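Working notes, beginning with the structure itself.
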Amino acid sequence: MRTTKKYKLGIIGLGHMGLAIARGAVNKDYLERYEICVNDPSQHAANDCLKERFAQVDTPKELAEQCHIILIAVRPQQVEKVLADLKDVPIDVVLSIVTGVSIAHLQKELNNTPIIRAMPNTPLQINEGATALCMSENCRADDYDFVFKLFASMGVTRTIPEDKMNDIVAVHGSTPAYVYYFVQCILQDAVERGIDEESARALLVQTFIGSAKLLQKNAGKDLDTFINEVATEGGTTIEAIKTLKEDKVDKIIHDANENCIERAKQLGK
């Protein structure tokens, strides 16, 4: 990626995800600290920039003038103000991680600026993230390649059609919270049965890690086979699986996903 701008990456909004992306880029030797600039008026952002040695500017306009890729990493409720601040500024490329906000809307507000949309998740903070990407038709291939490799350096990245970006939130964007809630439910039940919380949590968390790694190492293996290896006929686990199926956990997950996706669509409006 070639640029004449002072900084390669400018970040508007240094929250959990913005900071995770910046730190990951540096830790993976993908960017140097001096190639990153931030616009965020909060005190915590000022503290983080001082600690991480990132440059700071006072306005989104200044950021756009000095940075090649502008990462918009604010809450959906804040995005319209950011777009208004950037409206008449020539921008090389915008990278948006704002849930629900379409390429068409971003380009309408930003004079047809090339856009890359990303849907990362919070495990990006430890370089174990999952990120879905799509781009506008006028986005340069080398800019998209740079962003794709940036996220790939911090986990798994896939390109998907933009019309699936709201749906994908229920695949990996929101699902870390599903995992934490499931862990919470099992852990609470274990404690109520008199099991030591620290021991139960350690064993449970390692079970999630190990199970996920088995899935990762056997990507072509049918999921029913994994289930049946544990839930053998006449054993204990099969009774639990029967209960989950009788209680229609699959429908509960479907309904949860529907509400999650519908909210993503509402945010986009």
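Not measured: the values here are computed from a predicted model.
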Salt bridge (Lys or Arg N to Asp or Glu O under 4.0 Å) involving Glu109 - partner list, sequence neighbours excluded: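 Here the qualifying residues are Lys87.
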Going by salt bridge (Lys or Arg N to Asp or Glu O under 4.0 Å), name the residues that satisfy it together with Glu80, two or more places apart in sequence or in a different chain.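 Counting only residues at least two positions away or on another chain, Glu80 forms no salt bridge (Lys or Arg N to Asp or Glu O under 4.0 Å).
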Output a table of donor-acceptor pairs, distance under 3.5 Å, between side-chain atoms of residues 234-242 and any protein atom two or more places apart or on a different chain; print 'none' if there are none.
none

Under 4.5 Å between any side-chain heavy atoms of [X] and [Y], yes or no?
X	Y	answer
Met135	Asp143	no
Leu133	Tyr144	yes
Ile21	Ile11	no
Asn127	Lys28	yes

According to the ring-ring contact (aromatic ring centres under 6.0 Å, His included) rule, which pairs have a member within residues 29-57, sequence neighbours left out?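 Counting only pairs at least two positions apart or across chains, the ring-ring contact (aromatic ring centres under 6.0 Å, His included) contacts touching residues 29-57 are Tyr30-Phe146.
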Within residues 155-196 or reaching into it, pairs that qualify as ring-ring contact (aromatic ring centres under 6.0 Å, His included) - sequence neighbours excluded: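 Checked against ring-ring contact (aromatic ring centres under 6.0 Å, His included) - neighbours excluded - no pair reaches residues 155-196.
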For [X], which fellow cluster members are found when Ile, Leu, Val, Met, Phe, Trp and Tyr are connected by side-chain heavy-atom distances below 4.5 angstrom, either directly or through intermediates?
X	answer
Met119	Ile160, Met165, Ile168, Val169, Val171, Ile261
Tyr7	none
Val205	Ile209

Got more than 12 heavy atoms from elsewhere within 6.0 Å of [atom1], [X]?
X	atom1	result
Gln77	CD	yes
Lys5	NZ	yes
Lys108	NZ	no

Glu62 side chain to Thr59 side chain, donor-acceptor N/O pair below 3.5 angstrom: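 Judged by distance alone, the side chains do pair up.
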For [X], side-chain contact (heavy atoms from CB on, under 4.5 Å) partners two or more places apart:
X	value
Ile126	Glu128
Asp250	Lys248
Gln78	Val74, Arg75
Lys81	Asp85

Linked, directly or transitively: [X] and [Y] (ILVMFWY side chains, under 4.5 Å):
X	Y	answer
Val94	Leu71	no
Leu86	Leu63	yes
Leu106	Ile69	no
Val82	Ile115	yes

